[in-house]
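In what follows, a single structure is set out as structure tokens and then discussed.
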Amino acid sequence: MYTIITDSCCDLNPEIIRKYEQFEIVPLSYTMGGVTKPQPIDDEAAVHAYYNRLRAGEMSTTSQVSPAQWQEVFSRHVKNGEQVLCLAFSSGLSGTYGSACVARDLVLEDAPDAVIEVIDTLNASAGQGMMVCDALDNRDAGMDLHENAAWISARIQNYASWFTVDDLHFLKRGGRCSPSAAFFGSMLSIKPVLHVNAEGKLIARSKVRGRHQALKALVQKMAELEGAKDQQIFISHGDCEEDALFVKQKLVEMIGCDPEKIVISLVGPVIGSHSGPGTVALFFRGKDRG
């Protein structure tokens, strides 16, 4: 059995992480108050504390996984005689995938017989996490590394990721919203509906008035994109569990989804630095990304 590796932008919850063996998550980092820390992998209390600091007005910046970090991880597994399948955070949002490719090439220079495949998920948060879970399930069902990589790669554009945010000022800081739009949007309670497009970039697709309408719009997107109601669905949130549960309820009411197949997790500090508290995202497989 080969090892599957991803990075912490997968935003998987601790219960899911503990479910699998031969699985490693490499952390990106964030800096707040002059202190740089790796994103917590399974410490939800630390993530809650992070969002409280954001709400109090502190600023946060982020750092990708470096080639040296990836190289250390890949080398360790290769020296143990393991093959490696790596699924990385979208190249449209971070240099983390590029760093993984550099590290892979460096390891293969010293160990040319090693097997290391790196996939650009072109996705983020639990959308990336959903792909990782599929890869883990495929592996545990007996699919070999190359078959698994081909299976995931062939379906990348079917993993749909739709977001809404509560505070436009975090998007303004990231250059995804103009200062005037953030100001007037906040005054008028305008909420953007965004998604990760085919190139793996986060783009705004529409605007709605009011929080509940924005949350319902995520569910409506799943219906438009013909997401199967019996699939496993992921919801991630920026420390606003009640809103994530509202989306879950609407998935059950509007589409007939099985509540037992809906997985909820926190958006970690790296993505949360750019989306802010109150972010809610819905991830599912559809006919395309929309």
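Along the sequence shown, residues are numbered consecutively beginning with 1.
Proximity of a side-chain donor or acceptor of W70 to a complementary backbone N or O of T96 within less than 3.5 Å is detected. Not one N or O on the side chain of S8 forms a donor-acceptor pair closer than 3.5 Å with the backbone of I41. Looking only at distances, a side-chain donor or acceptor of N197 sits under 3.5 Å from a matching main-chain atom of E199. In terms of modelled atom types and a separation under 3.5 Å, the side chain of T279 and the main chain of G276 share a donor-acceptor contact. With Q231 contributing its side chain and A228 its backbone, the two residues share a donor-acceptor pair below 3.5 Å. No donor-acceptor pair under 3.5 Å is formed between the side chain of T6 and the backbone N or O of A88.
Checking W162, Y159, F284, F283 one by one against H195, the ring-ring contact (aromatic ring centres under 6.0 Å, His included) holds for a single residue, W162.
When all heavy atoms of S66 and S99 are compared, the closest pair comes out as C-CB, 3.9 Å. Scanning both residues, D288 and A160, for their nearest heavy atoms gives O-CB, 4.0 Å. The minimum heavy-atom distance linking Y51 with G268 is given by the pair OH-O, 3.8 Å. Closest heavy-atom contact between G290 and R205: C-NH1, 3.3 Å. What you find for L12 and V132 is that their closest heavy atoms are CD1-CG1, 4.5 Å. Residues R211 and C240 share a closest heavy-atom pair of NH2-SG, 3.7 Å.
Judged by distance alone, the side chains of D7 and Q128 do bring a donor and an acceptor atom under 3.5 Å apart. One side chain, S273 or Y50, offers a donor N or O that lies under 3.5 Å from an acceptor on the other. No side-chain N or O of D11 forms a donor-acceptor pair with one of S236 less than 3.5 Å apart. Looking at E15 and N13, their side chains never bring a donor and an acceptor atom within 3.5 Å of each other.
When the shell of 6.0 Å around NZ of K287 is examined, it contains more than 12 heavy atoms from other residues, nucleotides or ligands. For CD of E260, the number of neighbouring non-hydrogen atoms (other residues, nucleotides, ligands) closer than 6.0 Å is 12 at most. Around the CD atom of E241, the shell of radius 6.0 Å holds no more than 12 heavy atoms that belong to other residues, nucleotides or ligands.
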Tell me which donor-acceptor pairs under 3.5 Å the side chains of residues 28-37 have, and how far apart each pair is, sequence neighbours excluded?
from, atom 1, to, atom 2, distance (Å)
T31, OG1, T36, OG1, 2.6

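In this structure, F23 and Y20 have perpendicular ring planes: the angle between them is above 60°, well past the 30° mark.
A single hydrophobic cluster is seen to contain both I16 and F89, as judged by linkage of ILVMFWY side chains at heavy-atom distances under 4.5 Å, directly or through other members. Hydrophobic clustering (side-chain heavy atoms under 4.5 Å, transitive across Ile, Leu, Val, Met, Phe, Trp, Tyr) groups I4 together with M130. Under the 4.5 Å side-chain heavy-atom criterion for grouping Ile, Leu, Val, Met, Phe, Trp and Tyr, M1 is not connected to V84 through any hydrophobic cluster. Residue I235 is not grouped with residue V165 when hydrophobic side chains (ILVMFWY) are merged at heavy-atom distances under 4.5 angstrom, including chains of intermediate members. Residues V267 and L215 do not share a hydrophobic cluster, defined by chaining ILVMFWY side chains whose heavy atoms lie under 4.5 Å apart.
Taking 4.5 Å as the limit, every side-chain heavy atom of K261 sits out of range of all side-chain heavy atoms of I233. Residues L251 and L282 have side chains in contact (heavy-atom distance under 4.5 Å, counting atoms from C-beta outward). L122 places a side-chain heavy atom less than 4.5 Å from the side chain of Q157. Within the 4.5 Å cutoff, side-chain heavy atoms of P269 are placed close to those of P40. Between H274 and L202, every side-chain heavy-atom pair lies at or beyond the 4.5 Å cut-off. Between M131 and I156 there is a side-chain heavy-atom pair separated by less than 4.5 Å.
A distance of 10.5 Å separates CG of L87 from CG of N123, quoted to the nearest 0.5 Å. Taking CD1 from I271 and CD from Q39, the interatomic distance works out to 7.5 Å, rounded to the nearest 0.5 Å. Atom CD1 of I119 and atom SG of C101 lie 10.5 Å apart (nearest 0.5 Å). Separation of atoms CD (E21) and CZ (R139) is listed at 8.0 Å; rounding is to 0.5 Å. Note: K221 NZ to S206 OG = 5.5 Å, rounded to the nearest 0.5 Å. Here the CG atom belonging to L85 is positioned 10.0 Å from the OG1 atom belonging to T3, to the nearest 0.5 angstrom.
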Between V247 and H237, does a side-chain contact (heavy atoms from CB on, under 4.5 Å) hold up when you go through it step by step?
CA-CA 10 Å; V247 172; H237 65 92; over 6 Å; no

Is there a side-chain contact (heavy atoms from CB on, under 4.5 Å) between D258 and D230 once you walk through the steps?
CA-CA 6 Å; D258 181 350; D230 61 346; over 6 Å; no

Show your reasoning for whether side-chain contact (heavy atoms from CB on, under 4.5 Å) applies to I255 and M222.
CA-CA 9 Å; I255 298 180; M222 181 170 171; 3.9 Å; yes

Show your working on side-chain contact (heavy atoms from CB on, under 4.5 Å) between Q232 and V263 and close with a plain yes or no.
CA-CA 7 Å; Q232 188 173 51; V263 178; 3.5 Å; yes

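Salt-bridge annotation for D134 and R155: absent, with no side-chain N of the basic residue lying under 4.0 Å from a carboxylate O of the acidic one. Under the 4.0 Å criterion applied to side-chain N and carboxylate O atoms, K191 and D166 are assigned as salt-bridge partners. Between D42 and R18 there is no salt bridge, since no side-chain N of the basic residue sits under 4.0 Å from a carboxylate O of the acidic one.
Within the structure, every pair that satisfies the side chain to side chain donor-acceptor pair (under 3.5 Å) test and touches residues 143-152, not counting sequence neighbours, is listed here: Y2-N148, E117-H146, N138-N148.
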